[in-house]
2 protein chains.
Amino acid sequence: MLTQTITRNSSQAVRVTRSVPANIVSLGSSIAMMGAVMPFARNVEIYGENETADYLYKVVSGVVRTYKLLSDGRRQIGSFYLPGDIFGLEFGGEHTSSAEAVADSKIHVIKRSAVVALAGRDKEIARQLWRMTATELQGAQDHIMLLVKTAKERVVGFLLEMAERNLGASEFDLPMSRQDIADYLGLTIETVSRTVKQLVNSGAIAVPTSRHIVLRSRGALNRMNA
Amino acid sequence: MLTQTITRNSSQAVRVTRSVPANIVSLGSSIAMMGAVMPFARNVEIYGENETADYLYKVVSGVVRTYKLLSDGRRQIGSFYLPGDIFGLEFGGEHTSSAEAVADSKIHVIKRSAVVALAGRDKEIARQLWRMTATELQGAQDHIMLLVKTAKERVVGFLLEMAERNLGASEFDLPMSRQDIADYLGLTIETVSRTVKQLVNSGAIAVPTSRHIVLRSRGALNRMNA
DNA sequence: CGACCATTTGATATGGATCAAGCGATGTGG
DNA sequence: CCACATCGCTTGATCCATATCAAATGGTCG
């Protein structure tokens, strides 16, 4: 089912932690000054499930997917992370999913211990760590709702979600493959492909190239979204 | 599909907050001394989706389900909460699901503001709030993995989860109906019923009464769990 | 006892998976 | 720079797991 390079990228982030003023309020901005930016090529693993979570990550450019495998090889993608998104934050010491670059990406890598230490001193940072986990939870709950819907509803839900992530644009590129979409939605690529075609035929969307989506009728899409 | 009493329980928790020593370490125990225990009858709503999250809750006895409804009435149960479990904690101000008593239950109700205030003073409490959210996240991720499996795998997964929650006992009562199980697993009650029957026929479990489960072969069950 | 609700069982329908092939774009080696 | 191999996506034919529709059974409570 999957054909992916499992080449392990073994280079490590160079530690560039600087002394950080105590009144930092935004985790995102404090992250910007801690750690280093690393490039990851398409399909390269960023971390593996059950590995020690020594770092957290912020997408600078590109896209990342997190996923879990079932024993028989079925893959379930948990989330896609776009530029600006932070991922890999765990409460416990281990990653609960694997992470890979969907496309060539630049990722800010920050030592977890540095952030946790910062949170110990700065209540606001601690609060933001909590909020990030809460946001992830919200996303997982939305994902659950997606997975109990029909194929058409799942695809529509996915496209609307991607549109939102693109600031509500009604035209955008999909950075991930049909297989990625299928594994995110719990469908097969054939079903994704056929469902997209249906949406095109109904005039709700246009797909000038397979990776480019144009939302033609939000109304129709929202109605199909249950 | 659903037949449930939507009687709103309008009584409010009496505030019984006492002054709490600053060195409290366990959120669970601090909760035990804040707020009041309230009874909720079977199928009575504890809170509704989008309501202001003024309280959080700890199950003293009985069982609670949280759920969301799709516009057409399909219900997805997010979690079941058993005695000792805390639920209803939100990072933001609103509940993201509704909550109902599955059976007659006693619930400890705590003012959220009291806990948040406590967390502002006590770093350890703040950390526990974060951990609770992380635990919820973990549960939601496990739920996602359940929802992409076959019907048999879902039912087996559910039974193993319930066994774990009963301290690993290989014999336990199900406090919830087949409809609740179906709505948790994203299946119909007929499929749940038939799948359970299959497991009985294969000798993996016994079901002396519909609400009582005996795990006969963990090995077989684990093998079926993918 | 009788009514009601939960669960099971049976018959049939169907959405999405599977199996198989074709097509178009992309990149690579000669 | 072309030719061919490869990869990602689509399309078609068929199958099957689960839903749906319908009815019977069982359990519980007034």
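Letters A, B, ... are given to chains in the order of the sequence lines, protein chains preceding strands, and every chain is numbered from 1.
In this structure, A:L185 places its CG atom 18 Å from P of C:dG15, rounding to the nearest Å. Rounded to whole Å, the distance from CD1 on B:I189 to P on C:dT7 is 8 Å. B:L147 places its CG atom 15 Å from the P atom of C:dG16, with the value rounded to the nearest Å. If you measure from atom CG of A:L174 to atom C1' of D:dG8, you get 14 Å, rounded to the nearest angstrom. Distance CD1 (A:I181) to P (D:dG8): 13 Å, rounded to an integer number of Å. Atom C1' of nucleotide D:dG8 and atom CG of A:D183 are separated by 14 Å, given to the nearest angstrom. If you measure from atom NE2 of A:H212 to atom C1' of D:dC9, you get 18 Å, rounded to the nearest angstrom.
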N/O contacts under 3.5 Å, protein versus nucleotides 14-18 of chain D?
residue: D:dT18; atom: OP1; partner: B:A151; partner atom: N; Å: 2.8

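Checking each of B:R75, B:R211, B:R42 against B:D180 for a salt bridge (charged side-chain N to carboxylate O under 4.0 Å, His left out) leaves exactly one that passes, namely B:R75.
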Going 5' to 3' through nucleotides 21-30 of chain D, assign each nucleotide B (protein heavy atom under 4.0 Å from a base atom), S (under 4.0 Å only from sugar-phosphate atoms) or - (no protein heavy atom that close). BB--------
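Residue A:R74 places none of its side-chain N or O atoms closer than 4.0 Å to OP1 or OP2 of C:dA17. In this structure, B:R42 reaches the C:dA6 phosphate: one of its side-chain N or O atoms is under 4.0 Å from OP1 or OP2.
Residue B:M176 is the one, among B:M176 and A:V192, whose nearest nucleotide of DNA chain C lies closer to the 5' end (criterion: closest heavy atom).
The ring-ring contact (aromatic ring centres under 6.0 Å, His included) test applied to B:F87 returns B:Y57, B:Y81, not counting sequence neighbours. Looking at residues two or more places apart in sequence or on another chain, you find no salt bridge (Lys or Arg N to Asp or Glu O under 4.0 Å) involving A:E136.
Other residues, nucleotides and ligands place more than 12 heavy atoms under 6.0 Å from the NZ atom of B:K68. Remark: A:R112 CZ is packed, more than 12 non-hydrogen atoms of other residues, nucleotides or ligands lying under 6.0 Å away.
Formation of a donor-acceptor pair under 3.5 Å by the A:H108 side chain with backbone atoms of A:I86 is not found in this model. B:R74 places no side-chain N or O within donor-acceptor distance of the main-chain N or O of A:K149, the cut-off being under 3.5 Å.
With respect to the salt-bridge test (charged N to carboxylate O, under 4.0 angstrom), the residues A:D85 and A:R165 qualify.
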Per-pair distances, 0.1 Å, donor-acceptor, side chain in residues 92-99 of chain A, under 3.5 Å, sequence neighbours excluded:
residue: A:H95; atom: ND1; partner: A:E90; partner atom: OE2; Å: 3.4
residue: A:T96; atom: OG1; partner: B:Q141; partner atom: OE1; Å: 3.4
residue: A:S98; atom: OG; partner: A:E49; partner atom: N; Å: 3.0

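The shortest distance between side-chain heavy atoms of A:M176 and A:I181 falls below 4.5 Å.
Judged by the 6.0 Å distance and 45° axis criteria, B:K111 is positioned over the aromatic ring of B:Y55.
Scanning residues 195-211 of chain B for heavy-atom distances under 4.0 Å to DNA chain C yields B:K197, B:S210, B:R211.
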